[in-house]
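Naming: A, B, ... by sequence-line order, numbering from 1 per chain. Just so we're clear, the structure is a prediction, and the values are computed from it rather than from any experiment.
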Amino acid sequence: MLFVQLGHNKFAVRQSYSNIYFLVKFASMNFIVSAAVRGIKHLYNEEIDGSLISLQDTRKEFEGQVTIVIFPIIKVSKKSPEQTANELGAYLLEHVEEVSGFNVVKGFLNLVIADTYWLKLFNTQLLHPSFGVFEANGKKVMVEYSSPNTNKPLHLGHVRNNLLGFSVAELLTATGHEVIKVNLVNDRGIHICKSMLAWQKWGNGETPENTLIKGDHLVGKYYVVFDREYKKQIEEMKLEGQTEEEAKKNAPLIREAQEMLQAWEAGDPGVMNLWKTMNGWVYDGFAVTYKNLGVSFDKYYYESNTYLLGKDTVEEGLEKGVFFKKPDGSVWIDLTSDGLDQKLVLRADGTSVYITQDLGTAQMKYDDFGMDESIYVVGNEQDYHFKVLFLILEKLGKSWSKGLYHLSYGMVDLPSGKMKSREGTVVDADDLIAEMVENAKQKTELLGKTNDFAEEDKALLYQQIGMGALKYFLLKVEPKKRLLFDPKESIDFQGNTGPFIQYTYARIRSLLTKSGFNGYVPAEATILPEERDMILLLQKYPQELSEAAQAHSPATLANYLYELAKLFNKFYHEIPAIIREEDSVLQQHRLNLCALTADVLKRGMKLLGIEVPERM
RNA sequence: GCCUCGGUAGCUCAGUUGGAUAGAGCAACGGUUUUCUAAACCGUGGGUCAGGGGUUCGAAUCCCUUCCGGGGUACCA
């Protein structure tokens, strides 16, 4: 091949996790920065730092691809922005081979980079197998997500959690981290006992087998039964003259549930058996939902094994003087100097509270894996809890505490407000999945896209499209924002959606097949502006990936993929039919471009947990 | 009360390490198919970036303040 590796624009992204933003963002434009620095030296006899050269994409209404913002430089040039821009532009045009023109708009120097540069970049770097592939960076990261309670089925809020956690894990893996996905199952406690007790009393021996009800839903049904019967008792007791508070505390049902919890803690064989049986039903149910969601875990922790942890940590804290004991024997930490409150870490009777367990569990997880970073994917209602947890671990002198991160995400709300299990205003995960797949089916059949598909291929396609729509819908929104879901309006399949990107991919695959594309072969063609725009956007993939991973934000990547698909569709529409192209070099080049777009879309969507179909 | 996160077009959202005239999709209206998949493409209309003040050459972006909304401030998890 004729092409020579361009030595000056290796991807900084791949070489290090650089926090020098402009280097990462415009990695292939480093030569412009260094040339500009030389230009300033030549023109104004001043040595400046490269960080003063602020690059951005040229706005599409102007000619050029890269823009230097001149304002920061005028302090050095001591001339007007326009004059400085013109002088620097002239210098770059003369001294930098790739710069083929420039124009100045106010304080902005727009540089036209020669098409030959973009083509070389495309042929040598973007088509290279290492494009967008990060080398292992030796960092180990744990991502804890999902963490369900075993007393009811998953709802839409859990779906957001699962998709977020899985995607963040994928992003980190793709950017060179070793990732451990962990599910900490909340499998014990009073809420589980409520379901167990209700089933014992009113279950009539119902099982998933004899009712054909999915296990988690069956257990959830008895959780609701408990609540209903409990409320009845409260009402009766209030009629007998007790206050609401007294009734809630004294109702026979809640007492029984508490006794059952004590029996569980004492290891009562009957209770343990029931617990194991019903949890088993729930796990079978969850397995189905997880499979549909496409999420997986490397390690499960069970709270039934970890709920007693943390007492050692409390002892350690007392010895170190980080905690203190009140006269009643309860143990506290005073965080008022950090702007927080006093926080209880151990009850007077020596039993644990939530944070006690979490202290112990954090230590255990670190002892097990020795990870550099540990991400907790948990809703934003626990922001305060994690702030306190991390601060305590820091005060205890845990070296690993600085690697702890709470990936906080907003609730999924309905138009009517918050989802509430007890009021039946939850969007059930399994129902929603089924509905999405059904919608995909109807939409696809309406368009007549699958008339010649085999039955099993149809089912797979509807699953891919339905889940693609759902996953993209949830992941395209910045995690920390709360998200509105209106059950009356079905999730779209057009515009900024998963199916739009899937469609774009399938369309490219069809084109490649029909035109007999046989793999990347660098081709030296003359490129059109539409193609240059595509190269410009494709080139950003590694940096987008890196940013999304660092920000723990699949939304960043989702929006990039949408932009790419949109630009491709425009390109596809405007360019003459590639199949009929008679110039074989040009055809090869355009097929390269299409194939790389498909490749990036597929790889990117995979990191969102979304599959792309070959046909749709 | 205090802490915290939000507020961008009718709706759902991008854009926030300060850069040019704030962008998409949906919805509305109009157009594009003898050419590689019309789940597409092109166009029209739509904005006090919650309000006010400040910092600066430049603010949706940073600071202060007010308003609105979510969450937290449990010996629940």
Next item on the list: With heavy atoms under 4.0 Å as the rule, sort D338(A) into base, sugar-phosphate or nothing.
Entry: nothing
Check: Quick one: D492(A) CG to rC26(B) C1', roughly how many Å, whole number?
Finding: 6 Å
Next item on the list: Check whether any side-chain nitrogen or oxygen of R59(A) sits under 4.0 Å from OP1 or OP2 of rG23(B), and answer yes or no.
Entry: yes
Item checked: Between C1' of rC3(B) and CG of D383(A), the distance in whole Å -> 11 Å
Check: How close or far is atom C1' of rA77(B) from atom OH of Y307(A), stated in whole angstroms?
Finding: 15 Å
Note to self: Distance check needed: rC76(B) P versus N186(A) CG, whole Å only.
What the structure shows: 15 Å
Note to self: Using a heavy-atom cut-off of 4.0 Å across all strands, would you classify S510(A) as base, sugar-phosphate, or nothing?
What the structure shows: base
Margin query: Using a 4.0 Å cut-off on heavy atoms, which residues in residues 68-81 of chain A reach RNA chain B? List them by number, or say none.
Written below: V69(A), F71(A), P72(A)
Check: Contact class for N151(A) (heavy atom, under 4.0 Å): base, sugar-phosphate, or nothing?
Finding: nothing
Item checked: Between rA74(B) (P) and Q342(A) (CD): distance, integer Å -> 11 Å
Check: Base, sugar-phosphate, or nothing: which does M411(A) touch, judged by heavy atoms less than 4.0 Å apart?
Finding: nothing
Checklist line | Rounded interatomic separation in angstrom, taking CG from N496(A) and P from rU12(B) | finding: 15 Å
Check: Looking for any heavy atom pair under 4.0 Å, which part of the strands does Y354(A) touch: base, sugar-phosphate only, or nothing?
Finding: base
Next item on the list: Compute the centroid of each ring, for Y223(A) and then for H191(A), and state whether the two points are separated by less than 6.0 Å.
Entry: no
Margin query: Distance to the ring centre below 6.0 angstrom and angle to the axis at most 45 degrees; does that hold for R188(A) and Y307(A)?
Written below: yes
Margin query: Students often get this wrong, so: under 4.0 angstrom with heavy atoms, is I491(A) touching a base, only sugar-phosphate, or nothing?
Written below: nothing
Check: Under 4.0 Å between a Lys/Arg side-chain N and an Asp/Glu carboxylate O for K79(A) and E87(A)?
Finding: yes
Notebook entry, point to check: Is the side chain of Q502(A) donor-acceptor paired with the backbone N or O of Q464(A) at a distance under 3.5 Å, no angle test?
Noted result: yes
Next item on the list: Check each residue of residues 469-484 of chain A for a non-hydrogen atom within less than 4.0 Å of any atom in RNA chain B, then write out the ones that pass by number, or none.
Entry: V477(A), E478(A), K480(A), K481(A), R482(A), L483(A), L484(A)
Margin query: Rounding to an integer number of Å, can you tell me how far K60(A) NZ sits from rA22(B) P?
Written below: 12 Å
Margin query: Go through it in stages, so that I can follow the logic: the residues are L404(A) and Y376(A), the test is side-chain contact (heavy atoms from CB on, under 4.5 Å), and I'd like the CA-CA distance, side-chain angles, deciding distance and then a yes or no.
Written below: CA-CA 8 Å; L404(A) 300 171; Y376(A) 295 79; 4.1 Å; yes
Next item on the list: Select from Q357(A) and E381(A) the residue whose nearest nucleotide in RNA chain B is closer to the 5' end of that strand.
Entry: E381(A)
Notebook entry, point to check: Does Y505(A) have its ring centroid less than 6.0 Å away from the ring centroid of F568(A)?
Noted result: no
Checklist line | rA39(B) OP1/OP2 closer than 4.0 Å to side-chain N/O of K449(A) | finding: yes
Checklist line | Most 5' of L567(A) and R188(A) on RNA chain B, judged by nearest nucleotide | finding: L567(A)
Next item on the list: Determine, for E244(A) against K248(A), whether the closest basic-nitrogen to carboxylate-oxygen distance falls under 4.0 angstrom.
Entry: yes
Check: Taking C-beta and beyond as the side chain, do S147(A) and Y145(A) meet within less than 4.5 Å on heavy atoms?
Finding: no
Check: Does the cation-pi check pass for K326(A) over W332(A), that is, NZ or CZ under 6.0 Å from the six-membered ring centre and within 45° of its axis?
Finding: yes
Next item on the list: Considering only NZ, NE, NH1 and NH2 on the basic side and carboxylate oxygens on the acidic side, decide whether R59(A) and E61(A) come within less than 4.0 Å.
Entry: yes
Check: How would you label the contact of E303(A) with the nucleic acid (heavy atoms, under 4.0 Å): base, sugar-phosphate, or nothing?
Finding: sugar-phosphate
Notebook entry, point to check: For the pair made of CD1 in I579(A) and P in rU35(B), what is the distance, rounded to whole Å?
Noted result: 12 Å
Next item on the list: Scan T444(A) against the nucleic acid and name what it touches under 4.0 Å (heavy atoms): base, sugar-phosphate only, or nothing.
Entry: base
Check: Hey, does T504(A) reach any base, or is it just sugar-phosphate, or nothing, if we go heavy atoms under 4.0 Å?
Finding: nothing
Margin query: Any donor-acceptor pair under 3.5 Å linking the side-chain atoms of Y301(A) with those of N183(A)?
Written below: no
Notebook entry, point to check: Does the side chain of R347(A) get closer than 4.0 angstrom to OP1 or OP2 of rC76(B) through an N or O atom?
Noted result: yes
